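In what follows, a structure is listed as structure tokens, so that the remarks can point back to it.
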Amino acid sequence: MAAPIALTLFVGIFSIICLGFYDYLTNFENNGCEMTYMYEYPEYIEIELQEEKNKFPDYRLHAYGEGQYTQQIRKLQLKGIPVLFIPGNAGSYKQVRSLGSVALRMSERLNDRIHFNYFVADFNEELSGLYGGVLLKQTEFVNICLKKILSLYKLTQPTSVILVGHSMGGLIARALFTLLGFDHSLVNTIITQATPHQRPVAAIDADLHHFYKTVNTYWRDHAATSLRHVTVVSTGGAYRDIQARYGLTVLDGIVAPDRAVSVSTSAVPKAWVSTDHLCSVWCRQMVLLTKRAMFDIIDGKKLQVLTDPERRMKVFRHHFVSNNGLGDYLTREPNRTIVLDKKVKWEVKVDKLWKYSSLKVASSVYFAVPFSPAEDIDSVFVRSNLTNSDWLCYCHVPDGQDRCSSCTSLSSLTRFLPPLYSNTKYVRVSDIERTNRTYIIILVMAGEKKVDILVDHYDSNVRHLVYQMPNVYDTIISYPISATDGAALLKIANASSFYSLHLAGLALPTNTFTVIVEPFKCRRHSAEFYEGSILRLNVPWGHEDAFTFASYGKEISLAVKLQTGRPMDHDWKQDASEPHLEMFLHPYCHYRLKLVVATQDAIGQGVRFYGLLLPGFVVAVLFMTLRAATLAACKGSVVNEKLAKPYNAILDSAKPYYIVPVALLLRYLCSLGFVSKMLKGLHIPSDDTVVLKEENIYFSLLPLMLYISSWALTYLHATFAYHLMKVLSYLGFIRLPKAIKDRCGLLQFVIGVKALSLSLFCGTLGLLIISALLILKLLSLLYSVIAKEDTQATHLQIAILFPVTLLVNIQTLLGLGSLVVWMKLIVLNGFLFQPLRPDPSQMPALITCICVLMLLNMSNLNLSKFQGLMVFWSLYCFAVMSILYASVSMYRLPILIAGAVLAVTLPYVTGLLSRLTKERTKKGE
């Protein structure tokens with residue numbers, strides 16, 4: 001590939017990736033969360049843990065209080081239900097104030113009959129999401145906190161503590177059960193907010209990976225036994241949460257399905273908002289419904305958390321998944337009979353579509369809607385804002401009578417619709433037994449509030465449509481028409497209030513579209529704030545629905561994109577199991593629907609789901625580049641300035657067809673039954689594709705696309721870095737005094753030794769210094785080229801040291817979490833030479849530092865043919881391993897980089913030792 005063509009192509013790929021990042025970081029709804037306010041000054045009273053201070057000097061336990069309630073806390077006059085809030089990565093203990101304050105206000109409205117005492121663990125804002133070395137320590141501290149909290153109660157004795165965990169705090173809550181000697185009866189309810197349960201967001205730390213594996217394996221193995229009493233709720237923040245995507249927050253495959261609720265905040269009834277990672281702890285809509293759920297799981301007589309997990313699950317499903325507005329949902333029978341008042345007016349409505357609106361209802365009325373099988377309709381859609389919980393039922397009018405005396409309630413089928421505070425709810429009736437005298441009854445009670453009712457009879461064959469979504473090939477063939485004029489068009493006449501469009505074939509997160517519904521020929525109408533159009537994307541395999549609302553007569557649009565992939569075992573052949581678009585329309589308007597391909601959204605989804613896989617492929621590209629440099633050294637090839645330019649080396653030696661087919665072939669062979677069993681017996685882990693397949697987001701072209709993207713990024717980065725360093729080398733070394741230039745070698749050696757010694761305290765710190773030495777060495781070599789003082793050895797050193805520098809920089813970046821934790825440790829203890837324990841970066845860092853120091857001090861980098869071939873194929877193996885085993889599991893990258901640098905260095909070390917041995921032998925003779 002010619003360099004100009006490659007540069008143009010790679011700039012195009014880079015622009016697409018940048019567009020994806022821009023979409024990922026900006027393309028989401030405005031923050032719809034309302035603020036949670038404190039009416040009195042919040043206070044955090046420290047609970048003394050004298051006996052544990054030596055073991056956990058940086059951790060604290062606080063109790064939350066406001067106003068007069070603070071005095072009760074200070075005196076430890078506790079009589080409520082204990083709740084322990086566990087903050088997450090870099091989380092503050094002050095994040096408890098939203099839940100704590102709302103709980104206090106709600107209990108005051110109940111005259112303190114049910115009260116909650118909020119406690120919070122303070123982890124000193126540790127980076128538990130980047131450094132796994134603190135997770136076990138935090139778990140042990142929370143265990144101590146639980147025991148301490150229960151010991152504080154003198155007046156009443158709680159039987160359990162409710163745990164609320166934000167981010168990594170939710171994982172800590174589940175990790176408690178893995179501790180030896182932990183009393184499982186202390187916890188039966190866990191609520192997690194934006195917690196990545198499936199795996200780390202970025203597995204850059206081996207300790208982090210192993211902690212996840214230990215916790216999730218324990219929960220899978222004990223889900224049906226010792227963990228049957230525990231109910232877990234997990235909420236994810238949808239698209240505003242750019243730190244932990246919803247697919248990682250679900251509990252599928254970890255917690256038993258009948259003991260878990262996983263839901264996106266965009267789908268939660270009476271919330272309908274997307275929350276960012278921090279907003280999830282203070283978003284008023286989510287805080288209120290979380291507290292309502294917590295009040296409902298309290299036994300009103302015993303003032304304890306309900307011991308029956310089935311009842312707790314019923315509460316959580318009601319509040320987080322399918323709120324029907326019924327106050328007695330816990331005790332209500334499925335087919336409850338309602339006795340109708342004979343004195344209330346019975347009014348039959350025979351129109352297929354009718355609307356009732358009244359500023360107030362002077363006297364109660366029963367609207368009877370005929371629903372017989374003889375008609376050409378099979379569904380009835382009813383929407384209203386009635387405040388009475390039992391508002392809809394059906395009955396069969398007995399022969400010889402003109403009305404029913406009782407009816408069977410349909411109110412449990414109620415679902416709410418946005419906007420918030422509108423109390424808009426609906427029921428779609430279809431699956432009931434019908435006779436020629438079957439009626440659906442709408443119970444309208446007398447009251448002062450405005451009432452709006454809309455009833456629509458329809459044939460589901462006309463209103464429930466199936467549309468085959470275009471695949472990638474169809475989209476490319478029809479582009480750009482599919483992205484401008486639309487991939488599908490539908491005209492909807494007025495007098496239609498509900499349509500459902502089944503989106504067949506929507507399976508991957510990168511299948512993205514935008515639905516635009518444009519009203520036209522709308523009747524003049526003085527609309528209320530809640531009147532208009534509503535779109536809902538319903539995803540049947542996950543609680544990740546998305547809603548949007550537009551006022552009467554306004555255009556409405558909704559992004560059709562998935563937050564999780566379609567499960568492999570999902571029965572997609574059934575229409576009801578496909579994602580579908582539900583349209584709640586105003587009958588006074590005609591509508592035009594347009595479904596357009598959302599190219600930018602697709603790229604943004606690619607970054608959201610696959611962006612963190614790029615480092616593993618970038619490292620593979622650099623291994624291939626370094627491989628070519630060592631091959632040139634062993635063949636005795638003339639490495640001129642042109643070949644020494646790293647971007648040329650990347651372009652020529654890291655072509656996708658050199659490695660991707662081999663990696664895919666090995667992946668296929670490893671997936672064969674007998675090979676898989678053999679590898680498992682040898683304790684060789686599965687490749688990272690397994691993780692992506694379990695999350696249902698893998699497709700066959702993914703490795704090739706990731707490699708090409710990484711190839712382009714590496715090429716452009718190398719081009720920019722090379723020319724920048726060339727300029728800096730000229731500007732820097734031309735001003736350096738000759739005395740300093742002459743002592744560069746000695747200075748380099750001294751600093752290298754210092755880097756090695758500092759690696760014993762924090763491996764990443766040593767890498768940082770070694771990386772700086774590599775850059776200085778390259779600047780010196782490039783200055784030699786500019787000053788026409790270069791030799792073949794100079795170009796060979798540039799060809800080898802440049803990719804090594806980029807690899808060491810990546811290794812350093814992956815260990816920055818450890819470095820930040822070490823720096824905080826120094827600040828806290830006031831002691832500079834404080835080793836970080838454990839330090840996952842230390843051993844790879846030591847190997848890399850020693851090898852790089854040796855490379856820096858060698859002037860002759862020529863290899864024998866045998867040595868060169870050994871290094872050549874070793875680096876090729878490392879490149880394949882990086883693709884197979886280090887794309888998701890990034891904690892393996894430092895080990896692979898250290899191994900690759902060691903493979904490059906060993907021949908030079910053995911050659912140097914061999915020459916020294918020969919010289920000593922000659923002197924001895």
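Just so it is clear, the values below take in all heavy atoms, side chains as well, and ignore hydrogens, waters and symmetry mates. No experiment lies behind these values; they were computed from the predicted model shown.
Looking at Asp328, its side chain never comes within 3.5 Å of a backbone N or O of Thr331 through a donor-acceptor pair. Checking side-chain atoms of Thr764 against main-chain N and O of Gly815 turns up a donor-acceptor pair under 3.5 Å. Glu544 contributes no side-chain N or O that, together with a main-chain N or O of Ala238, makes up a donor-acceptor pair within less than 3.5 Å. Formation of a donor-acceptor pair under 3.5 Å by the Asp839 side chain with backbone atoms of Ser841 is found in this model. Of the possible polar contacts, one joining the Ser234 side chain to the Thr249 backbone as a donor-acceptor pair under 3.5 Å is found.
When side chains are defined from C-beta on, Phe761 does not count as touching Gln834, because their heavy atoms never get closer than 4.5 Å. Between Ile297 and Phe316, the closest side-chain pair of non-hydrogen atoms falls below 4.5 Å. The shortest side-chain heavy-atom distance between Gln304 and Pro158 falls under the 4.5 Å cut-off. Between Tyr246 and Thr564, some side-chain heavy-atom pair lies under the 4.5 Å cut-off. Residues Ile191 and Met294 are in side-chain contact: their nearest non-hydrogen atoms beyond the backbone lie under 4.5 Å apart. Between Val142 and Phe123, some side-chain heavy-atom pair lies under the 4.5 Å cut-off. Side-chain contact between Thr231 and Val233: absent, with no pair of heavy atoms (C-beta onward) separated by less than 4.5 Å. At least one side-chain heavy atom of Ser818 sits less than 4.5 Å from a side-chain heavy atom of Leu836.
If you take NZ on Lys302 and OG1 on Thr156, they are separated by 14.5 Å, rounding to the nearest 0.5 Å. Here Leu163 contributes atom CG and Thr192 contributes atom OG1; the two are 11.0 Å apart, rounded to the nearest 0.5 Å. Between the CD1 atom in Ile114 and the CZ atom in Arg109 there is a gap of 14.5 Å [rounded to 0.5 Å]. A distance of 9.0 Å separates OG of Ser226 from CH2 of Trp219, quoted to the nearest 0.5 Å. Atoms CG and CG, on Leu765 and Leu819 in that order, are 6.0 Å from each other to the nearest 0.5 Å. Between atom CD1 of residue Ile204 and atom OH of residue Tyr891 there is a gap of 13.0 Å, rounded to the nearest 0.5 Å.
With ring centers used as reference points, Tyr64 lies 6.0 Å or more from Tyr93.
Counted by atom type alone, Gln198 and Glu695 present zero donor-acceptor pairs between their side chains at under 3.5 Å. Residues Asp122 and Tyr44 bring no donor and acceptor atom of their side chains to less than 3.5 Å of each other.
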Val820/Leu127 under side-chain contact (heavy atoms from CB on, under 4.5 Å): CA gap, chis, key distance, verdict: CA-CA 8 Å; Val820 174; Leu127 298 176; 3.4 Å; yes
Tyr69/Asn117 under side chain to side chain donor-acceptor pair (under 3.5 Å): CA gap, chis, key distance, verdict: CA-CA 10 Å; Tyr69 171 63; Asn117 301 129; 2.8 Å; yes
side-chain contact (heavy atoms from CB on, under 4.5 Å) assessment of Leu99 paired with Gln193: CA-CA 12 Å; Leu99 279 169; Gln193 303 166 324; 4.1 Å; yes
side-chain contact (heavy atoms from CB on, under 4.5 Å) assessment of Ile144 paired with Tyr59: CA-CA 11 Å; Ile144 290 167; Tyr59 295 170; over 6 Å; no
Worked check of side-chain contact (heavy atoms from CB on, under 4.5 Å) between Ile73 and Leu78: CA-CA 7 Å; Ile73 296 295; Leu78 306 175; 3.6 Å; yes
Intermediate values then yes/no, side chain to side chain donor-acceptor pair (under 3.5 Å), Ser889 and His209: CA-CA 8 Å; Ser889 307; His209 167 79; 5.1 Å; no
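For the pair Phe320 and Ala293, the tightest heavy-atom approach, listed with the atom from each and the gap, is CE1-CB, 3.9 Å. Nearest approach of Ser92 to Glu125, heavy atoms of both residues: CB-OE2, 3.8 Å. Trp541 approaches Gly565 most closely through the heavy-atom pair NE1-O, 3.4 Å. Contact between Gly165 and Thr195 at its shortest, heavy atoms only, is O-OG1, 3.7 Å. Residues Arg60 and Asp58 come closest through the heavy atom pair NH1-C, 3.9 Å.
We find that Arg199 and Asp688 are not joined by a salt bridge, their nearest charged nitrogen and carboxylate oxygen being 4.0 Å or further apart. Salt bridge annotation for Glu140-Lys137: absent, with no cationic side-chain nitrogen under 4.0 angstrom from a carboxylate oxygen.
Other residues, nucleotides and ligands contribute at most 12 non-hydrogen atoms within 6.0 Å of the NZ atom of Lys94. Heavy atoms of other residues, nucleotides or ligands lying less than 6.0 angstrom from NE2 of His166 number more than 12.
Note on residues 72-85: pairs passing side-chain hydrogen bond (donor to acceptor under 3.5 Å, both in side chains), not counting sequence neighbours, are Glu43-Arg74. Residue pairs meeting the side-chain hydrogen bond (donor to acceptor under 3.5 Å, both in side chains) criterion with at least one member in residues 256-270, sequence neighbours excluded: Arg228-Asp258, Arg259-Glu310, Ser264-Ser266, Ser264-Gln563.
With Leu84 as reference, Leu61 is the one residue of Val164, Leu61, Val187 to meet the side chain to side chain contact (heavy atoms under 4.5 Å, CB included) rule.
Between Cys33 and Cys279, the sulfur-to-sulfur (SG-SG) separation does not fall under 2.5 Å.
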Solution key, residues 168-184 side-chain donor-acceptor pairs under 3.5 Å, sequence neighbours excluded:
from   : atom 1 : to     : atom 2 : distance (Å)
Arg174 : NE     : His197 : ND1    : 3.1
Arg174 : NH1    : Asn216 : OD1    : 3.2
Arg174 : NH2    : His197 : ND1    : 3.4
Arg174 : NH2    : Asn216 : OD1    : 2.7
Thr178 : OG1    : Ala175 : O      : 2.6
Asp183 : OD1    : Ser185 : N      : 3.1
Asp183 : OD1    : Ser185 : OG     : 2.7
Asp183 : OD2    : Ser185 : OG     : 3.2
His184 : NE2    : Phe177 : O      : 3.4
His184 : NE2    : Tyr218 : OH     : 3.4

